[in-house]
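Report on one structure; see the data block that follows.
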Amino acid sequence: QVQLKERGGGSVQAGESLRLSCAYPEFTSTSNCMAWFRQVPGKEREGVAAIYTWDSRTYYSDSVKGRFTISLDQAKDTLYLQMNSLKAEDTAMYFCAEEPLSRCGDSWARRGGAEFDYWGQGIQVTVTS
């Protein structure tokens, strides 16, 4: 059972920054897709950003492009999401996820990440305006 653990959530003012981290077990493969998703009650889960572990190619949703940065520190087995210029509409529960043996690709977030095998329990981010 792969366990992912998110940290770093909290409550901030609009315009401020926050960094999420996700600890994951050491990869058994060097070719995986790691991603961040978010969800608000009553809405479908939304892909935020993804990174292909082999070459660190990144993918972003239009809603966060230019404000959020996904990164990976494989020496520490940790995934990050740096969130800058936060807006009230970024308020959500954030989840990290892993899809083994996947290149991510442009449709990585299809169906709310249904093809991702492993998930963290989620962490709340609240942005007040």
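- Clustering ILVMFWY residues whenever any of their side-chain heavy atoms sit less than 4.5 angstrom apart, transitively, puts L4 in the very cluster that holds W36.
- When only modelled atom types and interatomic distance are considered, T78 and D73 share no side-chain donor-acceptor pair under 3.5 Å.
- At least one donor-acceptor pair under 3.5 Å links the side chain of N32 to the backbone N or O of L101.
- A heavy-atom distance below 4.5 Å is found between the side chains of I51 and S56.
- For the side-chain contact (heavy atoms from CB on, under 4.5 Å) with R38, the lone residue among V125, D90, T91, I123 that qualifies is D90.
- At least one side-chain heavy atom of F95 sits less than 4.5 Å from a side-chain heavy atom of Q39.
- Residues C104 and S102 approach most closely at N-OG, 3.1 Å, considering heavy atoms.
- For the pair K5 and R7, the minimum side-chain heavy-atom distance is below 4.5 Å.
- With no hydrogens or angles considered, no side-chain donor-acceptor pair links Q124 and S11 at under 3.5 Å.
- Cation-pi contact between R103 and W108: absent, since separation from the ring centre below 6.0 Å together with deviation from the ring axis within 45° is not met.
- To the nearest 0.5 angstrom, R111 atom CZ is 10.5 Å from R45 atom CZ.
- N84 contributes atom CG, which lies 9.0 Å from atom CZ of R67 (distance to the nearest 0.5 angstrom).
- Annotation for E6 and Q121: closest pair OE1-N, 3.2 Å, computed over non-hydrogen atoms.
- The distance between the ring centers of F37 and F116 falls below 6.0 angstrom.
- Atoms CG and OG1, from D55 and T30 in turn, are 10.5 Å apart once rounded to the nearest 0.5 Å.
- Residues Y118 and P25 form no side-chain contact, since every pair of their non-hydrogen atoms from C-beta on lies 4.5 Å or further apart.
- You'll find the side chain of S17 stays beyond 4.5 Å of the side chain of M83, heavy atoms only.
- Side-chain atoms of L79 and I70, non-hydrogen and from C-beta on, do get closer than 4.5 Å to each other.
- Across all their heavy atoms, V40 and A92 have their closest contact at CG1-CB, 3.6 Å.
- Counting non-hydrogen atoms of other residues, nucleotides and ligands closer than 6.0 Å to CZ of R57 gives a total of 12 or fewer.
- To the nearest 0.5 angstrom, Y24 atom OH is 7.5 Å from T53 atom OG1.
- No single ILVMFWY cluster, assembled from side-chain heavy atoms under 4.5 Å apart, contains both V12 and Y80.
- Hydrophobic clustering (side-chain heavy atoms under 4.5 Å, transitive across Ile, Leu, Val, Met, Phe, Trp, Tyr) groups W119 together with M93.
- Counting all heavy atoms, side chain and backbone alike, S129 lies closest to A14 at CA-CB, 4.1 Å.
- The 12-atom threshold is exceeded at CD of Q74, counting heavy atoms of other residues, nucleotides or ligands nearer than 6.0 Å.
- Under a hydrophobic clustering in which Ile, Leu, Val, Met, Phe, Trp and Tyr are joined whenever their side-chain heavy atoms come within less than 4.5 Å, directly or via other members, L18 and V64 fall into the same cluster.
- The shortest side-chain heavy-atom distance between Y60 and V48 does not fall under the 4.5 Å cut-off.
- Taking the side chain as every heavy atom from C-beta outward, F68 and L86 approach each other to under 4.5 Å.
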Requested in this report: Please step through side chain to side chain donor-acceptor pair (under 3.5 Å) for the pair E46 and S63, ending with a clear verdict.
Outcome: CA-CA 10 Å; E46 172 193 20; S63 61; 3.3 Å; yes
